[in-house]
Amino acid sequence: MNQAQAVVLIAAELRLFLRPGRRGGPVAVALDGTCSLGHVVESLGVPLTEAGRLLVNGEPAAPGYRPRDGDVVTVEAVRRPQELAAARFVPDVHLGTLARRLRLAGVDAAYANDAGDDALIGQANAGRRVLLTQDRGLLRRRALWMGAYVRGARPDDQLRDVLDRFRPPLAPWTRCPPCNGPLAPVAKAAVAAVLPPGTRRTYQAFSRCRDCGQVYWHGAHSKRLEQIIGSAVRAADTGATE
Ligand SMILES: [Zn+2]
């Protein structure tokens, strides 16, 4: 008569993925005897990319485990910082501002504002890039090698979240914000012709994008860059995620 069920305890950091009525505490899940632990977690709305260790009755369990009646399942949040072999990313089409902010910080972020879901997944897989998105459906795609849900509505919050989660090495002024190409130092004489007269008089150090040719100098942009990067680094240092 009674249907088999498991009790699932979700880490506080993951409760935003649950339906509002379920965010207060343990969730009882009916079991049909065939679904896996990973499926149970995803059916509650939590992408597996966001889950850390899964425990069943206090013991670590694999996503393929089939929960039994009376099991108590604990879902931990992915541990920060999350280690990466290489800090390469591909933000989805809705995160263009985040892509530029990452590049400002010197982080490799490929981006195309017209990429469809399949193209994004292909790009992430081929380049071993972490797909950054706020689309949980995309994170559930089996073909995707690695993804991450980006928290925050504002680009500054999103940047802070990504830097806090992955702690990529930062190298401001090494990457072209519009195109992601690497910047290389260039002699003033080589770019003098394209500089506004005031810039030519005031600045001595220049760099140029190897991919698109855009010329940069340490001027008005750098103050804003320093503010953005400085606040992000400080937040990451203190472990804040909000
Ligand atoms: Zn460029």
Item checked: Donor on one side chain, acceptor on other, Asp32 and Thr34, under 3.5 Å -> yes

Next item on the list: Could I get the full list of salt bridge (charged side-chain N to carboxylate O under 4.0 Å, His left out) partners for Asp118, not counting sequence neighbours?
Entry: Arg141

Item checked: Any residue meeting salt bridge (charged side-chain N to carboxylate O under 4.0 Å, His left out) with Arg140, in chain and number order, not counting sequence neighbours -> Glu42

Notebook entry, point to check: Same hydrophobic cluster for Val90 and Ile121, using side-chain heavy-atom links shorter than 4.5 Å among ILVMFWY?
Noted result: yes

Check: Do Phe17 and Val150 belong to the same hydrophobic cluster, where Ile, Leu, Val, Met, Phe, Trp and Tyr are linked whenever their side-chain heavy atoms lie under 4.5 Å apart, directly or via other members?
Finding: no

Show me the donor-acceptor pairs, under 3.5 Å and distance only, between side chains in residues 101-108 and residues at least two apart or in other chains.
| residue | atom | partner | partner atom | Å |
| --- | --- | --- | --- | --- |
| Arg101 | NH1 | Asp156 | OD1 | 2.2 |
| Arg103 | NE | Ala109 | O | 2.8 |
| Arg103 | NH1 | Pro177 | O | 2.8 |
| Arg103 | NH1 | Pro178 | O | 3.1 |
| Arg103 | NH2 | Ala109 | O | 2.8 |
| Asp108 | OD1 | Arg129 | NH1 | 2.8 |
| Asp108 | OD1 | Arg129 | NH2 | 3.1 |
| Asp108 | OD1 | Asn180 | ND2 | 2.8 |
| Asp108 | OD2 | Arg129 | NH2 | 3.3 |

Margin query: Quick one, Arg175 with Asp211, criterion salt bridge (charged side-chain N to carboxylate O under 4.0 Å, His left out). Give me CA distance, side-chain angles, the key distance, then yes/no.
Written below: CA-CA 10 Å; Arg175 202 168 281 280; Asp211 289 351; over 6 Å; no

Note to self: Working note: Arg160 + Arg151, criterion side-chain contact (heavy atoms from CB on, under 4.5 Å); need CA distance, chi angles, decisive distance, verdict.
What the structure shows: CA-CA 9 Å; Arg160 203 174 297 133; Arg151 291 156 191 250; over 6 Å; no

Margin query: Quick check against the 3.5 Å criterion: does Gln134 have a side-chain atom that pairs as donor or acceptor with the backbone of Gly152?
Written below: yes

Check: Under 6.0 Å from the CZ atom of Arg68, do we count more than 12 heavy atoms belonging to anything else shown?
Finding: no

Notebook entry, point to check: Sub-3.5 Å donor-acceptor pair from the side chain of Arg23 to the main-chain atoms of Leu16, do we have one?
Noted result: yes

Item checked: Whether Asn113 side chain and Val93 backbone form a donor-acceptor pair below 3.5 Å -> no

Check: Hey, what's the ring geometry for Tyr216 with Trp173, parallel, tilted or perpendicular (30° and 60° as the breaks)?
Finding: perpendicular

Note to self: Minimum heavy-atom separation for Val186 and Ala190, please, with both atom names.
What the structure shows: CG2-CB, 3.9 Å

Item checked: Same apolar cluster (I L V M F W Y, side chains within < 4.5 Å links), Leu98/Leu120 -> no

Item checked: ring pair (Phe, Tyr, Trp, His ring centres under 6.0 Å) contacts in which one or both residues fall within residues 94-133, not counting sequence neighbours -> none

May I have the list of side-chain donor-acceptor pairs in residues 47-57 shorter than 3.5 Å, sequence neighbours left out?
| residue | atom | partner | partner atom | Å |
| --- | --- | --- | --- | --- |
| Glu50 | OE1 | Arg165 | NH1 | 2.6 |
| Glu50 | OE2 | Tyr149 | N | 2.9 |
| Glu50 | OE2 | Arg165 | NH1 | 3.3 |
| Arg53 | NE | Glu76 | OE1 | 3.1 |
| Arg53 | NH2 | Glu76 | OE2 | 3.2 |
| Asn57 | OD1 | Val72 | N | 2.8 |
| Asn57 | ND2 | Asp71 | OD1 | 3.0 |

Note to self: Looking at Arg128, is its backbone amide N or carbonyl O close enough to the side chain of Trp145 to form a donor-acceptor pair, meaning the two atoms are under 3.5 Å apart?
What the structure shows: no

Margin query: Check this for me: Arg210, atom CZ, are more than 12 non-hydrogen atoms of other residues, nucleotides or ligands nearer than 6.0 Å?
Written below: no

Item checked: ring pair (Phe, Tyr, Trp, His ring centres under 6.0 Å) contacts in which one or both residues fall within residues 41-92, not counting sequence neighbours -> Phe89-Phe166

Note to self: Let me check something: do Val8 and Leu18 share a hydrophobic cluster, defined by ILVMFWY side-chain heavy atoms less than 4.5 Å apart, either directly or through other members?
What the structure shows: yes

Check: Say you draw a straight line from CG of Asp117 to CG of Asp92; how long is it, rounded to the nearest 0.5 Å?
Finding: 8.0 Å

